[in-house]
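All ligand and atom numbering here is 1-based and tracks the order in the structure. One-based numbering along the sequence shown. Since the model is a prediction, treat every value here as computed from it, not as a measurement.
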Amino acid sequence: MTLLEIGDSLLLKGSPSTLFYRGDDTVYIVDPGHGKKRVKQIRKEIKGLDASRLISIITHYHSDHHSAISQGLRELLDKVMAPRLDAPAIRDPLIRVSLTFGMPLPSGDPLLPFHAPPIDVDEGLDPGTLLGSLEIVDLAGHTPGQVGILTPGGVLYAADSIFGPRVLDTYGVPYHFNPCRALKTLEWLRDSLGDRFEILVPSHGPLVRGGEAEALVESNLERVRGAGEALLDILSEPRSVGEAAYLLASRYSVSPSPERLMLIETAVKGYISCMRGTFEASAGTRGVMWRTSKS
Ligand SMILES: [Zn+2]
């Protein structure tokens, strides 16, 4: 078995990592991931778990967290569940890609990092509710409806509310659809660590506990706050979203590629949107120009 035992759960490491939780006769598979190799691994693990019911839980709409379902898992699953707010974008790749990248790229476009198939969601999940003994936790910000999964043994699968150090280094500006809301979620993680949960499992990065978990939450808080402050400074001159994204990426020494800049542009729009009163818009030959308000 390649599954790692953590508290009352099992983890299949990867990017994203997949959490397995056994409750009575049901095995829950949280964020099955993407790609043929992952499908093969999960099919093998399922055989060893001897479950009479299999439910897959998707934490949010990004394709890398759930494409495996359509790539060879669907027929094994009794049910697919996803946050009610994110479900339309999981069912429809056009909505998903438009929300993620700001334009409706077709599935298979070379600019898309992952295959983006449609996924049937059988039932919506609401934050604050219980699914068997699992608690569905509100981790909004990275996407409008992202949820985390909290086990009775204090393991929190935190999805993309928090990233490991390597992702922070590579992307510089963490991707959050609404960075202000993402900050609130990170503050909740900081305040709940050791009280509501002991083990924190980011989808992309090593699992952490204790002091290591505190440090990871702090570094994510600092980065999301810091990028907002850097943007205020960059927009002291009127600039387009694209220019602001390029300059923000340079501050974190991110090597610019169209794919990365498109994600950073979405994050920049997220900051402008959630700090709307802070920025003024004007029209120019380079499109809509944004500037930090003087007052
Ligand atoms: Zn994501």
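Annotation: Phe177 is not in aromatic contact with His142 [ring centroid separation under 6.0 Å not met].
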Query raised in the report: Ser63 and Arg96: side chain to side chain donor-acceptor pair (under 3.5 Å), yes or no, with the steps?
Result: CA-CA 8 Å; Ser63 299; Arg96 187 190 315 154; 2.9 Å; yes

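Using cut-offs of 30° and 60° for the angle between ring planes, the His62 and His60 rings count as perpendicular. Aromatic ring pairs are classed by plane angle as parallel below 30°, tilted from 30° to 60° and perpendicular above 60°; the pair Phe163 and His176 is tilted.
One finds no salt bridge joining Glu123 and Arg84 here, because no Lys/Arg side-chain nitrogen approaches an Asp/Glu carboxylate oxygen to under 4.0 Å.
A donor atom on one side chain and an acceptor atom on the other are not found under 3.5 Å apart for Thr170 and Arg260.
The Zn ion (ligand 1) has His60 NE2, His62 ND1, His142 NE2, Asp160 OD2 as its protein N, O or S neighbours under 2.8 Å.
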